[in-house]
Asks: 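First the structure, which I've put down as structure tokens, then a few questions once you've had a look.
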Amino acid sequence: VQLQASGGGLVQAGGSLRLSCAASGSISEITAMGWYRQTPGNGRFLVAEITNDGVANYVDSVKGRFTISGNNAEKRVYLQMNSLKPEDTAVYYCTAVRFLENYWGQGTQVTVSS
């Protein structure tokens with residue numbers, strides 16, 4: 001499984017960004033897709049994920065501000081990020097779960113200025 005992410009950038013606090021990710025390769029067995037983020041010196045933590053059934057899960061800090069959506073047939077996932085805060089600054093990674101294994105895309109930098 002290969003994942004191609006796009007959509008990061010620099011935005012002022014309160015602004016919005018939309019991340020996109022497309023999976024390719026052996027995608028038929030993907031059961032969930034999502035987004036993690038990582039800051040320097042820290043681990044990679046879940047932001048949001050969505051299953052093939054459309055069930056979404058969010059970390060508490062982004063609830064009400066971020067929305068994850070997906071195209072299950074095409075194995076694409078999107079993250080709409082509104083009301084961005086400086087603490088949302090991180091490298092965001094797209095992930096896909098296939099047979100309980102996580103596959104990762106290249107990171108995309110999101111920087112929120114105060």
Asks: Quick one: does L19's side chain get under 4.5 Å of M81's, heavy atoms only?
Replies: yes
Asks: So, for A96 and V1, which heavy atoms are closest and what is the spacing to 0.1 Å?
Replies: CB-CG1, 4.5 Å
Asks: So how far is it from T67 OG1 to N82 CG, rounded to the nearest 0.5 Å?
Replies: 6.5 Å
Asks: With a cut-off of 6.0 Å (strictly less than), are more than 12 heavy atoms of other residues, nucleotides or ligands near CD of Q12?
Replies: no
Asks: Could you tell me which non-hydrogen atom of P86 sits nearest to which non-hydrogen atom of A13, and how far apart they are?
Replies: CD-CB, 4.1 Å
Asks: Just wondering, do C94 and V77 contact through their side chains at under 4.5 Å, heavy atoms?
Replies: yes
Asks: Hydrogens and angles aside, do N57 and K63 bring a side-chain donor and acceptor to less than 3.5 Å of each other?
Replies: no
Asks: With side chains defined as the heavy atoms from C-beta onward, is the minimum distance between T89 and V110 less than 4.5 Å?
Replies: no
Asks: Mark yes or no for whether K85, through its side chain, and G14, through its backbone, hold a donor-acceptor pair below 3.5 Å.
Replies: no
Asks: When you compare the side chain of S24 with that of Q4, does any pair of heavy atoms fall below 4.5 Å?
Replies: no
Asks: Please check if V112 and W35 belong to a single hydrophobic cluster, counting links between Ile, Leu, Val, Met, Phe, Trp and Tyr side chain heavy atoms closer than 4.5 Å.
Replies: yes
Asks: Give a yes or no answer on whether the side chain of N71 reaches the backbone of A73 with a donor-acceptor pair at less than 3.5 Å.
Replies: yes
Asks: Between K75 and M33, is any pair of side-chain heavy atoms under 4.5 Å apart?
Replies: yes
Asks: Where do A23 and L3 come nearest, in terms of heavy atoms and distance?
Replies: CB-CD2, 3.5 Å
Asks: Identify the residue among L17, L10, D88, V91 that makes a side-chain contact (heavy atoms from CB on, under 4.5 Å) with T111.
Replies: L10
Asks: Looking at side-chain heavy atoms only, is the closest gap between S16 and Q80 below 4.5 Å?
Replies: yes
Asks: Would the distance check show the side chain of Q106 and the main-chain N or O of A5 forming a donor-acceptor pair, the cut-off being under 3.5 Å?
Replies: yes
Asks: Same cluster for V11 and V62 if Ile/Leu/Val/Met/Phe/Trp/Tyr side chains link at under 4.5 Å?
Replies: yes
Asks: Considering only heavy atoms from C-beta outward, does the side chain of I30 approach that of V97 to under 4.5 Å?
Replies: no
Asks: Per the ring pair (Phe, Tyr, Trp, His ring centres under 6.0 Å) rule, what does the pair list look like for residues 58-99, sequence neighbours excluded?
Replies: none
Asks: State, without any angle test, whether T31 and N52 hold a side-chain donor-acceptor pair at a distance under 3.5 Å.
Replies: no
Asks: Looking only at non-hydrogen atoms, find the nearest pair between A90 and T39 and report the distance.
Replies: CB-CG2, 3.8 Å
